Amino acid sequence: MPELPEVEILVRHLDPVLRGRTIRNVTVHRAKSVRPDTVRRFAAGVAGAKILQVRRRAKYLLFDLETRSNAPDLLLGHLGMTGRMYVQSTRAALPKHAAVSLRLNRGVLVFEDTRYFGRMTLDTSSLVKLGPEPLSDQFNGHVLQEGLRKCSQPIKPKLLDQGLLAGVGNIYASEALWHARISPRKLSRRLSGTQCDRLAECVQVVLRKAIEAGSTIPLDFSGDGTGDGLFYYGSTSETVSHEENLSVYDREGEPCSRCKGMIRRIVQANRSTFYCPQCQRG
DNA sequence: CACCATGTTCCTTG
DNA sequence: CCAAGGAACATGGT
């Protein structure tokens with residue numbers, strides 16, 4: 001599920017469904033999924049709260065809560081690598097890897113997370129280290145250049161630094177660089193002003209396009225087949241948008257659609273990078 | 001069995 | 001102290 005566009009799509013689905021609902025009951029199936037909260041503190045803080053709004057910041061879901069005074073009023077969700085969130089019927093069985101489930105006045109908000117790298121927590125400290133939202137006017141080529149000025153890392157792994165800009169992940173980092181025709185191995189501080197402008201622009205275009213593509217994917221109401229209209233599944237069908245819309249990610253050995261070069265896979269900072277050595281130069 | 005996976009954080013190294 | 005690299009986290013797919 002999880003880069004900025006996928007989280008954005010999920011938030012757009014969840015907000016109208018959850019807005020105004022009250023959390024009647026809290027079950028933490030995996031204690032580590034609410035870290036650094038304890039199960040006790042999390043349950044006490046969330047039970048009885050009313051969800052006022054669901055928003056996004058970077059790859060985080062923000063649930064604004066109305067709670068008793070002095071209680072934390074912001075619940076934070078992060079999908080990690082494999083997290084999903086959806087509302088299902090109270091009668092439906094929980095998935096094998098349910099991490100947290102919140103029973104509402106109607107339906108259950110399920111946080112499912114196969115690898116348990118994700119979070120649902122009242123601790124919001126991770127938000128303070130985040131850089132600008134790439135789709136806001138707080139982000140542009142100049143801001144990017146400033147952030148890269150003293151950086152000796154190659155540009156691609158640097159794009160994953162959430163303190164530089166917040167929300168780009170491994171897929172869209174490779175994609176943005178391809179669109180900007182910049183080598184992922186280029187030293188960050190060596191990007192020219194023009195390149196920074198172009199890269200900032202391409203980051204925005206790639207993210208916007210992905211959100212647009214995700215918006216056209218129909219919701220998956222399949223759930224468990226009880227079909228009472230409650231089901232909002234986080235898209236199961238992102239593979240569709242992958243194959244259709246990605247230019248280099250996971251396309252090692254395929255020809256570049258722009259120059260007929262051969263797309264390569266390399267490893268940087270322990271993660272895969274995909275690029276076209278022909279049209280992405282130093 | 002080996003290697004790969006949309007992310008973050010911690011530990012080590014330089 | 002800082003930046004960068006690597007591993008850990010946990011499970012499943014190929």
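It should be emphasised that the depicted structure is a prediction, and the values quoted were computed from it without experimental measurement. Chain identifiers are assigned alphabetically (A, B, ...) following the order of the sequence lines, protein sequences preceding nucleic acid strands; residue numbering begins at 1 within each chain.
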Neighbour count above 12 (heavy atom, 6.0 Å) for A/Arg190 CZ: no
Nearest-Å distance for atom pair NZ/P, residues A/Lys59 and B/dT8: 4 Å
A/Lys32 NZ - C/dA8 P separation (whole Å): 14 Å
B/dG7 OP1/OP2 closer than 4.0 Å to side-chain N/O of A/Arg271: yes
A/Leu160 CG - C/dA3 C1' separation (whole Å): 16 Å
A/Arg35 vs B/dT8: side-chain N/O to OP1/OP2 distance below 4.0 Å: no
Side-chain N,O (A/His97) to OP1/OP2 (C/dT11) below 4.0 Å: no
Residue-phosphate contact under 4.0 Å: A/Asn170 side-chain N/O, B/dG7 OP1/OP2: no
Nearest-angstrom distance from the residue atom NZ of A/Lys158 to C1' of C/dC2: 11 Å
Stacking check A/Tyr116 vs C/dC9 (5.5 Å / 30 deg): no
d(CG, A/Leu148; C1', C/dA4) in whole Å: 15 Å
Euclidean distance for P, C/dG12 against B/dT9 (whole angstrom): 24 Å
Cationic N near anionic O, under 4.0 Å, A/Glu146 to A/Arg149: yes
Touch class at under 4.0 angstrom, heavy-atom based, for A/Lys96 against every strand present: sugar-phosphate
C/dT11 OP1/OP2 closer than 4.0 Å to side-chain N/O of A/Arg30: yes
Complement of C/dA3, any strand, by Watson-Crick or G-U distances under 3.5 angstrom: B/dT13
A/Lys158-A/Ser188 side chain donor-acceptor pair, cut-off 3.5 Å: no
Rounded P spacing from B/dC11 to C/dA10 in Å: 15 Å
d(CD, A/Glu3; P, B/dT8) in whole Å: 9 Å
Nucleotide nearest A/Arg265 (side chain, heavy atoms from C-beta), chosen from B/dT6, C/dA10, B/dC4: B/dC4
Given B/dG7, C/dG12, B/dC4, the nucleotide with the shortest approach to the side chain of A/Met81: B/dG7
Presence of A/Ser126 side-chain N/O under 4.0 Å of B/dT8 phosphate oxygens OP1/OP2: no
Length of the CD1-C1' vector between A/Ile171 and B/dA5, whole Å: 10 Å
Nucleotide opposite B/dA5 in a Watson-Crick or G-U pair, distances under 3.5 Å: C/dT11
Sugar-phosphate, base or nothing in reach of A/Ser272, heavy atoms under 4.0 Å: sugar-phosphate
A/Gln153 side-chain N/O to C/dG5 phosphate OP1/OP2 under 4.0 Å: yes
Over 12 non-hydrogen atoms of neighbours within 6.0 angstrom of CZ in A/Arg185: no
Distance in angstrom units between A/Glu112 CD and C/dG12 C1', rounded: 13 Å
Check against side chain to side chain donor-acceptor pair (under 3.5 Å), A/Thr121 and A/Asp37: CA-CA 6 Å; A/Thr121 178; A/Asp37 290 351; 3.1 Å; yes
A/Arg265 and A/Ser272 side chains, donor-acceptor separation under 3.5 Å: yes
Pairwise C1' distance, C/dA4 and B/dT6 [rounded to whole Å]: 23 Å
side-chain N/O A/Ser152 vs C/dA4 OP1/OP2, d < 4.0 Å: yes
